[in-house]
2 protein chains.
Amino acid sequence: MTGHNFSSKREAIFKTIASTKSHPSAKWVYEQLKDEIPNLSLGTVYRNIALFKEQGRVIAVANVDGEERIDADVTDHAHFVCECCNGVYDLVSSEQSPLEKELSQNGFEITRKNVVFYGICQKCSTN
Amino acid sequence: MTGHNFSSKREAIFKTIASTKSHPSAKWVYEQLKDEIPNLSLGTVYRNIALFKEQGRVIAVANVDGEERIDADVTDHAHFVCECCNGVYDLVSSEQSPLEKELSQNGFEITRKNVVFYGICQKCSTN
DNA sequence: ACAGAAAACAGGAATGATTACTGTTTTTAA
DNA sequence: TTAAAAACAGTAATCATTCCTGTTTTCTGT
């Protein structure tokens, strides 16, 4: 359904996303790869990120400064966004919410949750 | 610092935001008001929403279908976004997180948190 | 109440992330 | 090997949001 299951560019894009903890934007992924793959197109990065999201291989974490930031770690965890340096950090675990139980008891089907704290990171507040 | 503290349009925009539970977008607010205020400009709605956010009178809840959705209820509570009808619902309370304590102990200053559940709402799943 | 000065505004142009389109290249499967 | 399917490059289009400029409203001191 999704198409063929191999494309060298697709693999490179996923690898780039999966091998960083920076929670990159599409543009960042493109910048990382364009030396290695000179004829890479930004549209291809966007198209593949959309595909990875459909496949559940990648999640959208937050929109920071107008850009969507993504994560290849799809396990349940929260994030911290620094409003000073625009850094996005993993938080080790997301709280288990009583709201989740309540929602499903009332006919709401949860497909994903997103817990984001905004503030000033340690680095920015000490500099 | 923020300027004068009265403008009839500003008041109308805030009232419109505060008197709905729909978690509106800028465009929705504009659509609601343009009959009542024929020469209202969409830019004015955006400018005032930005101001309300700075003032803490309004929070950004989520980006749904490319549009930022806002809320004049700035008390701590979570939201549910239906990916079918794009509705945004209030959840009565946000969980108190042990992560928050841990973050502040490590030099991270939290200015706001955002807890959003995504899924299919009751109405959409029964229709 | 009146007159600048400051802020807010309308209207439209600009920006910038993301998506869509079209012709070409890569991958697949037989 | 080869034709069909999918992916791609490159570029144009879309659309939410922001910016700019000249005008209007609000404020403040008299």
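All of these numbers come straight from a predicted model, not from anything done at the bench. In what follows, chains are A, B, ... by sequence order, proteins preceding strands, each numbered from 1.
No side-chain heavy atom of B/N86 sits under 4.5 Å from any side-chain heavy atom of B/V81. Here the side chains of A/H23 and A/I59 are not in contact, with every heavy-atom distance at 4.5 Å or above. Side-chain contact between A/L103 and B/F117 is present, with heavy atoms from C-beta onward closer than 4.5 Å. Proximity of B/I17 to B/R57: side-chain heavy atoms (C-beta onward) are nowhere separated by under 4.5 Å.
Atom pair B/I49:CD1 and C/dA8:P shows a separation of 16 Å (rounding to whole Å applied). At whole-Å resolution of the value, CD1 in B/I70 and P in D/dA16 are 15 Å apart. Regarding A/I37, its CD1 atom lies at a distance of 8 Å from the P atom of D/dA9, rounded to whole Å. Regarding B/Y30, its OH atom lies at a distance of 17 Å from the P atom of D/dT18, rounded to whole Å. Residue A/R10 contributes atom CZ, which lies 11 Å from atom P of C/dT27 at whole-angstrom precision. Summarising the geometry, the separation between CG on A/L40 and C1' on D/dA9 is reported as 9 Å, rounded to the nearest angstrom. If you take CD of B/E11 and P of D/dT25, they are 17 Å apart, rounded to a whole angstrom. In this structure, A/F6 places its CZ atom 14 Å from C1' of D/dC8, rounding to the nearest Å.
Ion pairing between a basic and an acidic side chain is recognised when a charged N comes within 4.0 Å of a carboxylate O; B/K27 and B/E68 show no such pairing. The pair B/E36-B/K9 does not count as a salt bridge, with every side-chain nitrogen at least 4.0 angstrom from each carboxylate oxygen.
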(request) Report, as a single string ordered 5' to 3', how protein heavy atoms within less than 4.0 Å touch nucleotides 12-22 of chain C: B base, S sugar-phosphate only, - not at all. (result) -----SBB---
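Under 4.0 angstrom from either OP1 or OP2 of D/dA7 there lies no side-chain N or O belonging to A/T44. At the phosphate of C/dA10, OP1 or OP2 sits under 4.0 Å from a side-chain N or O atom of B/K9. In terms of phosphate contacts, B/N39 brings no side-chain nitrogen or oxygen within less than 4.0 Å of OP1 or OP2 of D/dT24.
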(request) In sequence, state the C-alpha distance, the side-chain angles, and the governing distance for B/Y118 and B/F80, and then conclude on ring pair (Phe, Tyr, Trp, His ring centres under 6.0 Å). (result) CA-CA 6 Å; B/Y118 293 85; B/F80 182 88; 8.3 Å; no
(request) Report the C-alpha separation of A/Y30 and A/Y46 in whole Å, then their side-chain angles, then the decisive distance to 0.1 Å, and conclude whether the ring pair (Phe, Tyr, Trp, His ring centres under 6.0 Å) test is met. (result) CA-CA 9 Å; A/Y30 173 71; A/Y46 274 107; 9.4 Å; no
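The environment of CD in B/E102 is sparse: at most 12 heavy-atom neighbours from other residues, nucleotides or ligands sit within 6.0 Å.
Remark on the helix from C/dA1-D/dT30 to C/dA30-D/dT1: inter-end axis angle 40°, axes from five-pair C1' superpositions, rounded to 10°.
When distances are taken from the side chain of B/S7 to each of C/dT28, D/dC27, C/dC9, the shortest belongs to C/dC9.
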